[in-house]
Protein chains: 2
Amino acid sequence: MQKRVNIKTIADLAGVSITTVSRVLNGLGPKYRISEPTCKRIFEIAEEMNYKPNIIAQSLRLKKTNAIGLILPDIGNPFFATLARIITIESKKRGYSIILADTEDNIDLEQELMELLLDRNIDAIIIAPCSQTRSHIEEVIKSGKKIILVDRYYIGGNIPYVTTDNYYGAYEATKYLLQNGHRDIACIQGSTDTAPNIQRVKGFTDACKKFGVKHFKIAGDSFTIQNGYLETKLLLSSSMSAPTAILCLSSTILLGVLKALKEADLSVPDNVSLLSFDNQPFMDYLNPPISSIAQPVNEIGTFATKVLIDSLEEGRKKLNLSVKLRPQIILRNSVRLI
Amino acid sequence: MQKRVNIKTIADLAGVSITTVSRVLNGLGPKYRISEPTCKRIFEIAEEMNYKPNIIAQSLRLKKTNAIGLILPDIGNPFFATLARIITIESKKRGYSIILADTEDNIDLEQELMELLLDRNIDAIIIAPCSQTRSHIEEVIKSGKKIILVDRYYIGGNIPYVTTDNYYGAYEATKYLLQNGHRDIACIQGSTDTAPNIQRVKGFTDACKKFGVKHFKIAGDSFTIQNGYLETKLLLSSSMSAPTAILCLSSTILLGVLKALKEADLSVPDNVSLLSFDNQPFMDYLNPPISSIAQPVNEIGTFATKVLIDSLEEGRKKLNLSVKLRPQIILRNSVRLI
DNA sequence: TTGTATGCGTTATCAA
DNA sequence: TTGATAACGCATACAA
């Protein structure tokens with residue numbers, strides 16, 4: 001394990017001081033009018049010895065790590081997996097590394113992981129928080145550290161975020177169900193304490209009310225297959241009549257719903273119509289193809305990353321931004337006209 | 001942005017030297033027989049001032065970052081997303097952070113990202129390399145840095161890995177197709193220069209030969225939806241008869257195949273039988289449910305992480321291990337008996 | 001039992 | 001035009 005070369009090695013070899021080496025290597029040669037041959041020699045030696053600055057030392061000195069903490073509720077969920085991919089790639093392009101954390105949608109873990117990341121002196125945080133509990137986030141902002149929310153955000157207040165226009169998506173989706181004659185609709189939701197979920201439920205409710213429908217149900221409490229499955233089971237076993245349509249607030253929930261329907265030998269859309277958030281490639285090939293509300297996940301990822309890093313580099317005082325990008329409703333074949 | 005407290009602050013407040021503070025905080029109080037009251041006072045002050053050691057400074061001093069570089073070909077692919085999730089969670093449990101990199105299955109990017117991670121002085125690397133090109137990996141190993149391969153590995157040589165028994169999986173899957181009477185089978189493969197792909201193709205080929213089948217085709221070159229789609233299009237448009245069964249070497253490829261079959265109005269399994277690597281929840285609800293070869297992705301992730309960190313902490317000289325975990329074939333309804 | 005002083009590899013201030 | 005030196009925050013060899 002040969003010792004890595006540092007500026008001292010180069011300085012000795014070039015017969016100059018480490019100061020000079022540091023300056024030349026940082027492109028400050030011209031500024032300090034360091035002689036042409038000296039510069040050239042230093043560059044050559046650095047090249048030849050394959051010199052790489054020690055980033056840890058740089059970080060310590062400059063108080064800048066060029067690392068961004070990315071905190072997500074569930075990297076396994078395809079929506080967040082895609083988000084992670086985009087953010088990682090975009091950050092790299094701008095010279096930043098991503099330190100990843102998975103909170104498993106648990107607020108205690110979220111707070112612990114945030115601490116851990118801050119201890120690592122990351123320059124900024126991108127997070128999809130798992131609830132509306134925001135004290136830990138506000139503290140970070142107060143400390144001056146840059147932070148941006150993706151997908152999940154805080155309702156009220158002014159913590160910057162980039163997300164989907166969830167209200168619009170849910171409203172339009174529900175309207176579509178209503179226009180197809182459905183009057184008995186259930187909505188299976190995810191984590192109830194998250195903004196996207198709250199907005200989606202609101203859009204759903206408003207649309208129902210607007211159409212004078214009083215017969216709607218809201219059930220469930222997490223963005224998981226299991227939740228979709230269990231809630232559908234309950235829905236079907238209830239003494240009340242089964243809904244003619246179900247709005248699933250995530251693709252994971254949809255999968256659970258499908259499982260329950262299959263077990264009950266109910267077919268889509270003949271017995272039950274379905275519409276789901278989070279467009280996924282597989283939806284085209286389900287039986288039947290499932291209509292969905294496609295979130296602009298790529299745009300959310302690239303935009304959030306860009307804005308965050310821009311503000312980091314311009315040293316703008318405060319990041320202030322609340323962006324809701326419109327989702328697109330993709331019609332397939334899972335809703336039946338009544 | 002108030003200045004963060006450091007051991008000097010505490011030392012001043014406690015009226016002792018920074019050495020003593022450092023020792024006490026690192027649990028070396030007893031060892032150096034530092035007086036009980038002194039210890040207590042230091043702990044109290046640290047607690048009260050919410051002291052957190054500066055990890056960057058520690059890293060510089062100890063030459064240990066407690067960070068692991070995770071390099072994957074495509075975080076968006078559900079297989080790798082799950083892997084990333086597991087590895088991130090397991091690493092955290094052991095006190096390590098994950099620095100994430102996505103190579104987009106590109107060897108040049110892979111090498112560049114490796115350099116970048118090494119420059120960050122990560123303690124070890126977990127990687128699913130995108131090809132058999134391994135010079136950059138071997139160099140890292142020679143330097144003494146720990147590295148472990150997951151899923152993708154290098155055939156021959158002794159670079160440690162944890163992966164699926166891909167040969168077994170493909171052989172058994174193909175055998176199943178053959179036992180159902182199929183004699184004209186196509187295999188749509190992924191990146192041809194990766195070990196899993198090579199082993200799967202080998203398993204496929206061997207099974208075919210064993211059954212005396214000469215009529216088999218191997219097509220494709222990447223683990224993407226598009227590849228599955230295009231290759232199926234070609235297969236169907238060829239002057240030769242279409243295969244009666246297709247073995248898809250990933251779930252992404254499967255989705256492409258489904259698209260092409262749908263466009264050609266061919267149904268599964270009546271016209272074409274299907275079998276796919278990478279079990280995914282949605283496969284249960286496709287039309288028809290697709291039988292698959294389920295890789296033990298959780299086990300791969302936890303085991304690789306455990307072994308790597310163990311070896312890191314025991315300071316064992318060399319990591320030497322090649323593990324192939326058996327996949328499980330999950331039978332659904334996508335293969336027809338001829 | 002505690003402290004002084006050095007070094008990890010940089011960058012930046014000040015002096016020459 | 002260049003260089004000594006301090007500082008970033010911590011851990012530790014050596015002294016006392």
Side-chain angles (χ1 to χ4, degrees), chain A residues 1-43 45-46 49-67 118-123, chain B residues 1-43 45-46 49-67 118-123:
Chain A
M1 188 164 169
Q2 72 181 55
K3 213 178 154 190
R4 223 168 145 143
V5 301
N6 54 25
I7 48 174
K8 181 151 187 342
T9 322
I10 298 179
D12 291 348
L13 254 56
V16 296
S17 74
I18 58 168
T19 308
T20 302
V21 174
S22 173
R23 282 174 178 153
V24 170
L25 259 25
N26 283 325
L28 300 180
K31 182 179 167 191
Y32 284 95
R33 305 203 200 162
I34 294 168
S35 75
E36 197 52 48
T38 306
C39 287
K40 203 177 155 215
R41 192 148 32 92
I42 291 175
F43 276 126
I45 296 176
M49 307 215 45
N50 189 28
Y51 167 77
K52 296 289 188 66
N54 181 321
I55 294 189
I56 305 294
Q58 279 181 328
S59 297
L60 180 61
R61 180 63 231 241
L62 300 178
K63 297 188 174 311
K64 175 135 178 35
T65 52
N66 279 288
L118 291 174
D119 290 349
R120 282 194 179 269
N121 286 286
I122 44 158
D123 295 336
Chain B
M1 188 163 171
Q2 72 181 56
K3 214 180 154 190
R4 225 168 142 143
V5 302
N6 54 28
I7 48 173
K8 182 153 186 340
T9 322
I10 298 179
D12 291 348
L13 254 55
V16 296
S17 74
I18 58 167
T19 307
T20 303
V21 174
S22 173
R23 282 175 178 151
V24 170
L25 260 25
N26 284 327
L28 300 180
K31 183 178 167 193
Y32 285 94
R33 306 202 200 163
I34 295 169
S35 76
E36 197 51 50
T38 306
C39 286
K40 203 177 155 217
R41 191 147 32 91
I42 290 174
F43 276 127
I45 297 177
M49 308 217 43
N50 190 26
Y51 167 77
K52 297 290 188 62
N54 181 321
I55 294 189
I56 305 293
Q58 278 181 328
S59 297
L60 181 60
R61 177 65 230 248
L62 300 177
K63 296 186 174 314
K64 175 136 176 33
T65 52
N66 279 288
L118 292 174
D119 290 349
R120 282 193 177 270
N121 285 288
I122 43 158
D123 295 336

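Quick note on labels: first sequence line is chain A, next is B, and so on, each numbered from 1.
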Check every strand shown and say whether [X] touches a base, only sugar-phosphate, or nothing at a heavy-atom separation below 4.0 Å.
| X | answer |
| --- | --- |
| Lys8(A) | nothing |
| Lys52(A) | sugar-phosphate |
| Ile56(B) | nothing |
| Leu60(A) | base |

Inter-residue atom distance Asn6(A).CG - Met49(A).CE, 0.5 Å rounding: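 One gets 9.5 Å once the value is rounded to the nearest 0.5 Å.
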
What's the spacing between Ile18(B) CD1 and Leu25(B) CG if we round to 0.5 Å?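 Rounded to the nearest 0.5 Å, the CD1-CG separation comes to 12.0 Å.
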
Closest to the [X] side chain: [options]?
| X | options | result |
| --- | --- | --- |
| Ser35(A) | dT1(D), dC10(D), dG3(D) | dT1(D) |
| Thr19(B) | dA13(D), dA12(C), dG9(C) | dA13(D) |
| Ile7(A) | dT2(C), dT10(C), dA5(C) | dT10(C) |
| Ala57(B) | dG3(D), dT10(C), dG9(D) | dG9(D) |
| Arg33(A) | dT13(C), dT2(C), dT1(D) | dT1(D) |
| Asn6(A) | dA5(C), dA12(C), dG9(C) | dG9(C) |
| Pro53(B) | dC10(D), dG9(C), dT5(D) | dC10(D) |
| Asn54(B) | dG3(D), dC8(D), dC10(D) | dC10(D) |
| Ile34(B) | dG3(D), dT2(C), dT10(C) | dT2(C) |

Let's test your reading of the model: under 3.5 Å, does the base of [N] pair with the side chain of [X] as donor and acceptor?
| X | N | result |
| --- | --- | --- |
| Ser22(B) | dT12(D) | no |
| Arg23(A) | dT13(C) | yes |
| Thr20(A) | dT1(D) | no |

Taking atom types as modelled, find out whether Ser17(A) and Thr20(A) have a side-chain donor-acceptor pair closer than 3.5 angstrom.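 Per modelled atom types, Ser17(A) and Thr20(A) side chains form a pair under 3.5 Å.
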
Would you please confirm or rule out a distance under 4.0 Å between OP1 or OP2 of dT1(D) and any side-chain N or O of Lys31(A)?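 For dT1(D), OP1/OP2 do not have a side-chain N/O of Lys31(A) under 4.0 Å.
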
Contact under 4.0 Å: Ser59(B) side-chain N or O vs dC8(C) OP1/OP2: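 For dC8(C), neither OP1 nor OP2 has a side-chain N or O of Ser59(B) closer than 4.0 Å.
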
Rounding to a whole Å, what distance do you find between [X]:[atom1] and [N]:[atom2]?
| X | N | atom1 | atom2 | value |
| --- | --- | --- | --- | --- |
| Asn121(A) | dC10(D) | CG | C1' | 13 Å |
| Asn26(B) | dA13(D) | CG | P | 13 Å |
| Ile18(B) | dC8(D) | CD1 | P | 12 Å |
| Tyr32(B) | dG3(C) | OH | C1' | 12 Å |
| Ile42(B) | dC10(D) | CD1 | P | 14 Å |
| Lys40(B) | dT1(C) | NZ | P | 19 Å |
| Tyr51(A) | dG9(C) | OH | C1' | 8 Å |
| Leu62(A) | dA7(D) | CG | P | 17 Å |

Return the minimal non-hydrogen interatomic distance between [X] and [Y], and the atom names on each side.
| X | Y | value |
| --- | --- | --- |
| Ile56(B) | Asn121(A) | CG1-ND2, 3.6 Å |
| Val24(A) | Phe43(A) | O-CZ, 3.5 Å |
| Thr65(B) | Ser59(B) | CA-OG, 3.6 Å |

Is there a side-chain contact between Val5(B) and Ile45(B) (heavy atoms, below 4.5 Å)?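 A side-chain contact is absent here, since even the closest heavy-atom pair is not under 4.5 Å.
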
Pick the closest DNA chain C nucleotide for Ser17(B) and for Lys63(B) by heavy atoms, then say which residue is nearer the 5' end.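 Result of the comparison: Ser17(B).
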
